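Numbering of residues begins at 1 and proceeds along the displayed sequence. Computed from a prediction, not measured in an experiment: that's the story for all the values here.
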Amino acid sequence: MMLNLYVQQHQWIVVALLSGAALVLLFWLNCTALWRPRQQEAQAEKLRITGPVSFVRWLTSFMPWTIVLLIIACSAFTLLYLCSAGRHAPTW
């Protein structure tokens, strides 16, 4: 009875612990995605960069897709924000 009452009074502690465990699990999964086998790195070193297409192919040969998507999303947000800020002048 006392433990149940304590948990109900301090639900934010339980939520914080569960969120922390989820973030640790997510961090661990991303770190394992960052370390790829050495064989792929050896193949990536053989590639010659001659243009944008070969640069993207070389970049994705060793960089995890989660980071590539994050970079693309940040770039798109930056461009959209700058276009929006350019259209609407500040009123101050």
Which donor-acceptor pairs under 3.5 Å do side chains of residues 71-79 form with protein atoms, sequence neighbours excluded?
unit_1: Ser75; atom_1: OG; unit_2: Ile71; atom_2: O; d: 2.9
unit_1: Thr78; atom_1: OG1; unit_2: Cys74; atom_2: O; d: 2.8

Gap separating the CG atom of Leu25 from the CG atom of Asn30, nearest 0.5 angstrom: 10.0 Å

Answer whether the closest heavy-atom distance between the side chains of Phe27 and Val24 falls below 4.5 Å. no

What distance separates Ile67 CD1 from Leu59 CG, expressed to the nearest 0.5 Å? 10.0 Å

For the CZ atom of Arg87 and the CG atom of Leu82, what is their distance to the nearest 0.5 Å? 11.5 Å

For the atom pair CE (Met63) and CG (Leu70), what is the distance rounded to the nearest 0.5 Å? 10.5 Å

